[in-house]
Amino acid sequence: MKRKLITLCCVLSAISAMAQTPAPCGPVPTENQLRWQDMEMYAFIHYSLNTYTDEEWGFGNEAPKLFNPSSLDCRQWARVCKQAGMRGIIFTAKHHCGFCMWPSAYTEYSVKNTPWKQGRGDVVRELADACREEGLKFAVYLSPWDRNHKDYGRREYVTYFRNQLRELLTNYGDIFEVWFDGANGGDGWYGGANETRKIDRTTYYEWPETYKMIRELQPKCLIWNDGSDRGDLRWVGTEAGNIGETNWSLLNHDGEVTWPMLHYGLEDGDSWVPGETNTSIRPGWFYHETENEHVKSLSKLMETYYKSVGRNSCLLLNFPIAPNGRIHPTDSLRGIAFNKMIHEVFKTDLAAHPQPIPKGRGVMIDFGKPTAFNRFVVEEDIRYGQRVKKFSLEAEVDGQWIPLKDELVENGDGLSTIGHRRIVCFPTVTATRLRFTVTDAKCEPMIKRTSVYLAPELTADIPDSGEKRSSNLHYFFSNPKQMMIDWDTEQTITAFRYLPPQESKEGIVTHYSLWASSDWNDWKKVASGEFSNIVNNPIWQTIKFEPVKAKILRLDADRLSESDRMAFSDFEVIIDE
């Protein structure tokens, strides 16, 4: 992609020969944050004991002997990620279950006590080496929550946590990011206690001291954390793969963070904290065989790209590892096709010589003849701050100027914020000229690039996950927290599937109990537990259980999110034919 410097400031244009450095406009990024923003896309790798228990969150008591992959190949992971356009990999060195994917000196709950390589293996080492061989950057995810450790919730665990972090930051070369999950405290094995432990996430981990250690050991490393102690990067409030169309790379250094702040940033924030958009190529973060047919389609991945990289963010795309220790072929082929499509879309810039508009904040692009296009790219020079609040696009068609709107903007309003990169998508238009105008800005805008492209039409491909709908079941609510499903005749039931609301967090069932009966009097509990991470990642939840004969199922919402009334988008019952 060609880069063109276009200064949209009348004063700066007049004195450009003097080569004066513009004054910053509000907070500006650090050199580490600038390097990170230029990465644009990098991969998550989720792999742990959860892969072998078919769970998203382990409880902490899973047996290490389950970890014995037949053909683990970190070089395959790195090659696939590189071919998919990723410029680095963040690896789940320890997830919530507490199992360590490296031979930590501070716990027996690690790969050193597994059959894999007779306990002499180190997945973190193999992946770090593979990344460097492929020219990729390497980073680690270390879950603050540990459902295995006996001291979680006590001061001793914080020392343990820091000791493990020190191992990762000193033994595996340069680390470009440390990722701390926001899930903190709850039920767990905790060394056999089998209880619920709560912590105050704002004080328990003593983040300032931990941050100080990170910056001393890895001065070029960025910290991802969305708690009250600000890291260098922020969560965007969803795992669906999108950030707000309005996206400021700013937050306040102190105070609580609300969901709108995470998703849209804060226009007048006092600190530079850009958003990192994380999502998985599958519905879940860990591998599940039932999701082999639900890998994100090429069109969905492109939409994710436009709503992340194209909205002043970086995309963190997850590739789960299958039980054999490799990325599944469907995932790898889809990722590679994704990268090829990005290059296809942006290979030819149609804006040869954009000219500044006299006495205005903008540029005019004259194609010289009627030209078809459907993508517009604009970038600010964020070294001097994020300045543009709103802008407009207009195309001259048959002598008439018509406004162009971003078809991916949910509310259909005007175009707002640019930042590192903004990609505007609209239906194909054939025009002679294109006019880009900054209509509102915090300071004089510093635009360093404008480009125009014609993206090819995508052919139909595999449907996205979540499109399947259940058959016509008879159900009713006996109370706001209880749903009943019944049939005319007794059925052999093997599983129940629940899809939470997709547009709101209200009424999502987070903890459930499932009961079966054939006569409305005698009830048998067939399953109960927690839908792990369902609020942040509202995907299909499948409850499997031993086959049971029943005419009625009863789903009790033992705990709900942000409401006293159960809600759902869809549900299914799996019947043994």
Side-chain angles (χ1 to χ4, degrees), residues 1 37-47 75-91 130-131 134-137 139 236 238-243 275-287 291-322 326-348 374-375 377 407-408 420-425 451 453-467 537 539:
M1 290 184 248
Q37 195 91 58
D38 285 336
M39 290 181 70
E40 296 184 356
M41 295 198 305
Y42 42 97
F44 234 166
I45 294 286
H46 274 66
Y47 186 39
R75 284 168 178 78
Q76 187 252 2
W77 308 359
R79 287 193 298 269
V80 167
C81 290
K82 184 175 182 178
Q83 289 178 298
M86 307 294 122
R87 295 178 179 173
I89 293 176
I90 300 179
F91 180 56
C131 283
E134 294 295 332
L136 300 175
K137 294 183 178 181
V236 301
T238 178
E239 296 174 356
N242 64 83
I243 197 168
E276 176 190 80
T277 304
N278 64 315
T279 193
S280 182
I281 200 166
R282 289 171 173 246
W285 290 97
F286 285 90
Y287 177 88
E291 295 179 355
N292 285 350
E293 302 301 321
H294 298 290
V295 177
K296 281 186 171 65
S297 66
L298 182 55
S299 59
K300 182 62 178 179
L301 287 172
M302 287 304 299
E303 178 186 330
T304 299
Y305 179 83
Y306 294 134
K307 290 185 174 183
S308 56
V309 176
R311 291 183 177 178
N312 185 38
S313 180
C314 281
L315 174 60
L316 175 57
L317 181 63
N318 180 63
F319 291 84
I321 304 303
R326 300 169 67 89
I327 295 176
H328 191 276
T330 301
D331 305 47
S332 61
L333 290 173
R334 194 63 49 80
I336 294 168
F338 174 42
N339 188 34
K340 288 182 177 179
M341 181 53 67
I342 292 173
H343 284 278
E344 180 67 21
V345 170
F346 299 105
K347 69 179 181 180
T348 304
N374 51 25
R375 301 288 185 269
V377 178
E407 62 182 347
L408 298 181
H420 175 261
R421 178 174 303 159
R422 179 64 191 278
I423 303 174
V424 184
C425 304
S451 300
Y453 302 92
L454 177 62
E457 296 292 331
L458 287 177
T459 57
D461 51 13
I462 297 174
D464 300 330
S465 60
E467 293 183 347
N537 193 25
I539 62 175

Enquirer: With side chains defined as the heavy atoms from C-beta onward, is the minimum distance between E239 and N278 less than 4.5 Å?
Expert: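 A side-chain contact under 4.5 Å exists here.
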
Enquirer: Less than 4.5 Å apart, side chain to side chain, heavy atoms only: is that true for L298 and F338?
Expert: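 L298 reaches F338 side chain to side chain.
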
Enquirer: Hey, does L454 have a side-chain heavy atom less than 4.5 Å from the side chain of N374?
Expert: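 Yes - at least one pair of side-chain heavy atoms lies under 4.5 Å apart.
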
Enquirer: Parallel under 30°, tilted from 30 to 60°, perpendicular over 60°: which one fits the rings of W285 and F44?
Expert: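 Correct class here is perpendicular.
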
Enquirer: Check whether E291 reaches the backbone of G284 with its side chain - one donor and one acceptor, N or O, closer than 3.5 Å.
Expert: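 Judged by distance alone, yes, a pair lies under 3.5 Å.
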
Enquirer: R375: which residues meet the side-chain hydrogen bond (donor to acceptor under 3.5 Å, both in side chains) condition with it, sequence neighbours left out?
Expert: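 For R375 the side-chain hydrogen bond (donor to acceptor under 3.5 Å, both in side chains) partners, ignoring immediate neighbours, are Y306.
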
Enquirer: Of the non-hydrogen atoms in I89 and C81, which two are nearest, and what is the gap between them?
Expert: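 So the minimum-distance heavy-atom pair works out to CD1-SG, 3.8 Å.
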
Enquirer: Just so I know, are the side chains of L315 and S313 near enough to count as touching, which here means a heavy-atom distance under 4.5 Å?
Expert: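 In short, these two side chains do not touch, never coming nearer than 4.5 Å.
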
Enquirer: For R326, check salt bridge (charged side-chain N to carboxylate O under 4.0 Å, His left out) against everything at least two apart and list the hits.
Expert: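 Salt bridge (charged side-chain N to carboxylate O under 4.0 Å, His left out) list for R326, sorted by chain: D73.
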
Enquirer: Taking the side chain from N537 and the backbone from P283, do they hold a donor-acceptor pair closer than 3.5 Å?
Expert: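 Answer holds: yes.
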
Enquirer: Less than 4.5 Å apart, side chain to side chain, heavy atoms only: is that true for R79 and E134?
Expert: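 Side-chain contact under 4.5 Å: yes.
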
Enquirer: My understanding is that only residues two or more places apart in sequence, or in another chain, count here; which of them pass side chain to side chain contact (heavy atoms under 4.5 Å, CB included) with N339?
Expert: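 For N339 the side chain to side chain contact (heavy atoms under 4.5 Å, CB included) partners, ignoring immediate neighbours, are H343.
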
Enquirer: Quick one: are I539 and H294 in side-chain contact, heavy atoms under 4.5 Å?
Expert: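 No, every pair of side-chain atoms sits at 4.5 Å or beyond.
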
Enquirer: With a 4.5 Å heavy-atom cut-off, do Y287 and H328 have their side chains touching?
Expert: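 Side-chain contact under 4.5 Å: yes.
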
Enquirer: Please verify the inter-ring angle class for F346 with Y305; under 30° counts as parallel, over 60° as perpendicular, anything in between as tilted.
Expert: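 If you compare the ring of F346 with that of Y305, the planes turn out tilted.
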
Enquirer: Would you confirm whether K307, through its side chain, and G241, through its main-chain N or O, come within 3.5 Å as a donor-acceptor pair?
Expert: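 Not a single qualifying donor-acceptor pair exists.
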
Enquirer: Which heavy atom of R311 sits nearest a heavy atom of I243, and at what distance?
Expert: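 Taking every non-hydrogen atom into account, NH1-O, 2.8 Å.
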
Enquirer: Just wondering, do N292 and T330 contact through their side chains at under 4.5 Å, heavy atoms?
Expert: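 No. Closest side-chain heavy atoms not under 4.5 Å.
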
